[in-house]
Amino acid sequence: MPYFNQSIFHPVVFFLTGIPGFETYHAWISILFCCLYATAISGNSMILFVIITESSLHEPMYYFLSMLSFMDLGLCLSTLVTMLGIFWFNAQEINFDACIGQMFFIHGFTFMESSVLLAMAFDRFIAISNPLRYATILTNSRITKVGFAIVIRGTAALVPLLLLLKRLSSCHSHVLHHSYCFHPDVMKLSCTDTKINSAFGLAIVISTAGLDFVLILLSYVLIIHSVLNIASPGERKKAFGTCVSHISAVAIFYIPMISLSLVHRFGKYAPPLVHTSIANVYLLIPPVMNPIIYSVKTKQIRKAVLKVFLSKMI
């Protein structure tokens, strides 16, 4: 395992990790990851394509879904090269600047996806509680402003967080636990005081993904209250049915994220395979599953996707 003794952090070359203990099987494991990446990229690209091309899908709900697919695409593409490089060419080295860039995109798209899920929860609340004013509240101009706010919010806090890494010294192993650069993982390699970095990182997570999760829960409390006020049992079921896809997307996004955070905070002595496995689930499962969930559970998306495939076959 490579060790260094450097007074500054940024000239360092880090070593990414594949699947610990299964290095001889990396070529075979790469087939699984290729399938996951192909599914995620093709699925989210298809969702974006049908929403852009089908005029019947030019509604607030589907605009937010297109944002979600865009974030998932960005998350996949930000790690595609390093991940497959490890499995195919044993290319484990990554310099500090490239690592910073990758962290910016990974964490940025993660925070933006959390904000999109919150916007989608608000969209469902308006659609159920005030359906007659739905189109006048969520106009195209307001959705555009929400999109810009999501991008600004997701990236603004990351700049000081990543710049704080440059002040750290490194004298430990430069081997990371993941197949990509992840802020808590890089920060742990420092032999200097990381309390400021840790506190600032925790504050950003709480003020973005943590706050979003609380507001999503609050939105669903209000949604349940609105649904229970509907007299017709059939209409109640229909209203709940419009939320199933979003609830599933929230679950597959937050459960791996919380699990990875807990492992980094409290899993100091956990086997490296645990760190790597949870990190890969956190990175790949939401982009893979979201297009499948929305294609299966949302009738309009399913019909649009089938229309595209049938037109290609004809």
Side-chain angles (χ1 to χ4, degrees), residues 40 44 47-48 63-80 82 98-123 143-165 178-187 194 196-219 246-265 278-290:
N44 286 290
I47 295 290
L48 282 171
Y63 288 142
F64 289 127
L65 177 57
S66 68
M67 293 182 196
L68 184 68
S69 292
F70 182 79
M71 302 311 167
D72 283 336
L73 266 178
L75 197 59
C76 283
L77 295 175
S78 62
T79 59
L80 177 66
T82 55
C99 194
I100 285 286
Q102 188 178 59
M103 277 190 284
F104 178 82
F105 286 109
I106 290 173
H107 293 292
F109 282 121
T110 298
F111 293 151
M112 284 187 275
E113 183 161 341
S114 175
S115 299
V116 170
L117 290 171
L118 173 59
M120 294 174 82
F122 178 73
D123 167 81
I143 292 171
T144 302
K145 290 175 183 177
V146 169
F148 279 116
I150 286 172
V151 172
I152 293 169
R153 183 190 184 224
T155 57
L158 284 176
V159 175
L161 179 69
L162 298 180
L163 288 176
L164 280 173
L165 283 177
H178 309 319
S179 305
Y180 53 88
C181 291
F182 190 65
H183 178 263
D185 201 18
V186 175
M187 186 177 62
T194 60
I196 295 176
N197 299 70
S198 182
F200 191 68
L202 182 61
I204 289 176
V205 171
I206 291 174
S207 62
T208 52
L211 179 61
D212 291 344
F213 184 66
V214 172
L215 293 176
I216 289 170
L217 291 179
L218 177 61
S219 297
H246 180 254
I247 293 172
S248 302
V250 169
I252 64 172
F253 176 78
Y254 279 102
I255 291 174
M257 174 188 268
I258 294 170
S259 300
L260 184 60
S261 299
L262 290 175
V263 166
H264 274 284
R265 290 282 170 183
I278 294 178
N280 290 333
V281 168
Y282 155 78
L283 179 76
L284 288 172
I285 294 304
V288 168
M289 292 303 298
N290 282 335

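Throughout, numbering of the chain's residues begins at 1 and tracks the sequence. The structure displayed is predicted, hence computed values, not measured ones.
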| request: Start with the C-alpha distance between L163 and V159, add both sets of side-chain angles, then the distance that settles side-chain contact (heavy atoms from CB on, under 4.5 Å), and finish with yes or no. | output: CA-CA 6 Å; L163 288 176; V159 175; 3.9 Å; yes

| What's the verdict on side-chain contact (heavy atoms from CB on, under 4.5 Å) for L211 and I206, showing C-alpha distance, side-chain angles and the deciding distance? | CA-CA 6 Å; L211 179 61; I206 291 174; over 6 Å; no

| Does the side-chain contact (heavy atoms from CB on, under 4.5 Å) test come out yes or no for N280 and S179, once each step is laid out? | CA-CA 8 Å; N280 290 333; S179 305; 4.3 Å; yes

| query | So F111 and L158, side-chain contact (heavy atoms from CB on, under 4.5 Å) or not? Walk me through it. | reply | CA-CA 10 Å; F111 293 151; L158 284 176; 3.7 Å; yes

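With sequence neighbours left out, A40 forms a side-chain contact (heavy atoms from CB on, under 4.5 Å) with N44, C76, P287, V288. The ring pair (Phe, Tyr, Trp, His ring centres under 6.0 Å) check on F253 picks up nothing, with sequence neighbours excluded. In this view, T82 and Q102 satisfy the side-chain hydrogen bond (donor to acceptor under 3.5 Å, both in side chains) rule, not counting sequence neighbours. Residues satisfying the salt bridge (Lys or Arg N to Asp or Glu O under 4.0 Å) test with D212, not counting sequence neighbours, are R153. Under the rule for a side-chain hydrogen bond (donor to acceptor under 3.5 Å, both in side chains), the partners of T110 that lie at least two apart in sequence or sit in another chain are Y282. For T144, there are no side-chain hydrogen bond (donor to acceptor under 3.5 Å, both in side chains) partners, not counting sequence neighbours. For S259, there are no side-chain hydrogen bond (donor to acceptor under 3.5 Å, both in side chains) partners two or more places apart in sequence or in a different chain. By the side-chain contact (heavy atoms from CB on, under 4.5 Å) test, A98 is found to be paired with I94, N95, residues two or more places apart in sequence or in another chain being considered. For H107, the ring pair (Phe, Tyr, Trp, His ring centres under 6.0 Å) test picks out F182, with sequence neighbours left out. Under the ring pair (Phe, Tyr, Trp, His ring centres under 6.0 Å) criterion, Y254 pairs with F213, sequence neighbours left out. Considering only residues two or more places apart in sequence or on other chains, V146 meets the side-chain contact (heavy atoms from CB on, under 4.5 Å) condition with F64, A119, I150. With sequence neighbours left out, C181 forms a disulfide (SG to SG under 2.5 Å) with C99.
More than 12 heavy-atom neighbours from other residues, nucleotides or ligands sit within 6.0 angstrom of CG on L218. Annotation for Y63: atom OH counts as buried by contact number, over 12 foreign heavy atoms lying within 6.0 Å.
Between the side chain of S69 and the backbone N or O of S66 there is no donor-acceptor pair closer than 3.5 Å. Without hydrogens or angle criteria, Y180 side chain to A279 main chain gives a donor-acceptor distance under 3.5 Å. S198 places no side-chain N or O within 3.5 Å of a backbone atom of T194 that could act as its donor or acceptor partner.
Atom CD1 of I47 sits about 10.5 Å away from atom CG of L73, to the nearest 0.5 Å. With rounding to the nearest 0.5 Å, the separation of CE in M103 from OG in S78 is 12.0 Å. Atoms CG and CD1, from L161 and I196 in turn, are 12.5 Å apart once rounded to the nearest 0.5 Å.
The minimum heavy-atom distance linking N290 with E113 is given by the pair ND2-OE2, 3.6 Å. The shortest non-hydrogen separation linking A157 to I204 is O-CD1, 3.3 Å. Of all the heavy atoms in I278 and V263, the pair that sits closest is CD1-CG2, 3.3 Å.
Between H264 and H183, the distance separating the two ring centers is not shorter than 6.0 angstrom.
Taking the side chain as every heavy atom from C-beta outward, I143 and M67 approach each other to under 4.5 Å. Using a 4.5 Å heavy-atom cutoff, the side chains of I247 and V250 are not in contact. Taking the side chain as every heavy atom from C-beta outward, T79 and F105 never approach each other to under 4.5 Å.
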